[in-house]
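The analysis underlying the following values was restricted to heavy atoms, covering all of them including side chains, and did not include hydrogens, waters or symmetry mates. Source: prediction; values computed, not measured.
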Amino acid sequence: MRRFTGALLTLVLLAGCSTTAPPRAGAGLWHGGRIYIATGNTTGVYYQFGGGYADLITKYVPGYEARAEATGASGENIQRVATGDMDVAFSIADTAADAVAGTGAFDGGPRKVVALAKVYRSYAQVVVRNSARINRFADLRGKRVSTGSAGSGTDVFAARLLSAGGLNPDTDIVRERLSLPETTKGMQAGTLDALIFTGGLPTPGIADLLASAPGQYSLLPLGEVYRALTSRHGAVYAAGKLPKSAYQTPADIDTIVIGNLLLVSPDMPEQLAHDLTKILFDYQVELSRVHPEGANYDKVGAPDTDPVPLHPGAARFYSSG
């Protein structure tokens, strides 16, 4: 069931008390002019980016009011858009590919979602406590590792990464499925030895963790597992580097990158989908001020959402030049 704000509830009550109720805000608009955006953990980039995007929609799309909601990220987001509980969702590309194919966590059948854009890339980030003596990927064996919120894109990716590195994610590590805020608390308390996360740079929660105890944590290079990962799952993953500027590390760190998509229901009106896509580019400078990843997409790469089809309204925007 879609959420209703207090203001909307008040209008409904007023309508019940009068035979000539005033027109409801957003009357005649899709979903009454209310747009809910499914993001992710409160200390992740989805949440920051989504909050900025919601503000721009409210400001520049006439009649609509948008709100960013904290969620368990990609897997949950897709389910909620597919059921109509949310209108726009952030998702990592590999999870979205599974959703439209009806595979992996979505083996009950394809989910009805389409894309507005491919935005910034997420970076695989494996943070270890130095006291746990984890120097290479194989050293995660037997360690207490958070793989992200259950069903999130991070959780799916973490399982694939561990398997590619020769580790069974359910038996070779002590697996904890925790949100990023819970994960960083566990790292600080010493109840976790490592975390796996995928997100833009810098991810606020990870930046705060590293800054909280300089010299006590390290980022693990992932170059050694890249080939095994791509041989199993294909070109949805690419090699990349965590630049030293992201977390003030001594050098760049080999990692794996994955695209992020903005998803909507195919039932969204074409004009609205066009306008929501247009906002991403007309006000990109404002989004980049919310988070630096807001600058890291363009009109050339944004429509490359395969295998997730573009919404016709988004496709019209890109074809307009």
Ring pair (Phe, Tyr, Trp, His ring centres under 6.0 Å) partners of [X], counting only residues at least two apart:
| X | result |
| --- | --- |
| Y64 | none |
| Y46 | F90 |
| Y217 | none |

Is there a donor-acceptor pair closer than 3.5 Å between any side-chain N or O of E182 and the backbone N or O of L178?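 Such a contact is absent between E182 side chain and L178 backbone.
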
Quick one: which residue pairs count as a ring-ring contact (aromatic ring centres under 6.0 Å, His included) with a foot in residues 218-263, not counting sequence neighbours?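 Counting only pairs at least two positions apart or across chains, the ring-ring contact (aromatic ring centres under 6.0 Å, His included) contacts touching residues 218-263 are F157-Y237.
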
Counting C-beta onward and ignoring hydrogens, is there a side-chain heavy-atom pair between S163 and R232 closer than 4.5 Å?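 The answer is yes, as the side chains (C-beta and beyond) meet within the 4.5 Å cut-off.
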
R136: which residues meet the salt bridge (Lys or Arg N to Asp or Glu O under 4.0 Å) condition with it, sequence neighbours left out?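 Testing R136 for salt bridge (Lys or Arg N to Asp or Glu O under 4.0 Å), a comparison that skips the adjacent residues, returns E224.
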
May I ask you to list the residues sharing a hydrophobic cluster with V285, side-chain cutoff 4.5 Å, ordered by chain and number?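 V285 shares its hydrophobic cluster with no other residue.
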
Output yes when D252 and K244 qualify as a salt bridge under the 4.0 Å nitrogen-oxygen rule, no when they do not.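 Between K244 and D252 there is no salt bridge, as every charged N stays at least 4.0 Å from the carboxylate O atoms.
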
Quick one: do R67 and E65 make a salt bridge, cutoff under 4.0 Å?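 Salt bridge flag = no for E65 with R67.
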
Using 0.5 Å steps for rounding, measure from the CG atom of L116 to the OG1 atom of T305.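 With rounding to 0.5 Å, CG (L116) is 9.5 Å from OG1 (T305).
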
Please give me the minimum heavy-atom distance between T277 and Y53, naming the atom from each residue.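 Scanning both residues, the minimum pair turns out to be N-OH, 4.4 Å.
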
Would you call the rings of F281 and Y318 parallel, tilted or perpendicular if under 30° counts as parallel and over 60° as perpendicular?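 Ring orientation, 0 to 90° scale: perpendicular.
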
H311 and V264: side-chain contact (heavy atoms from CB on, under 4.5 Å), yes or no, with the steps? CA-CA 8 Å; H311 190 291; V264 297; 3.9 Å; yes

Tell me if the aromatic rings of F197 and Y123 count as close, with their centers under 6.0 Å from one another.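 So the answer is no for these two rings.
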
Are K278 and Y283 in a cation-pi setup, meaning NZ or CZ lies under 6.0 angstrom from the ring centre and within 45 degrees of the ring axis?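 No, K278 does not sit over the ring of Y283.
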
Taking salt bridge (Lys or Arg N to Asp or Glu O under 4.0 Å) as the criterion, tell me which of R133, R175, R144 meets it with D193.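 Among R133, R175, R144, the one that satisfies the salt bridge (Lys or Arg N to Asp or Glu O under 4.0 Å) with D193 is R144.
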
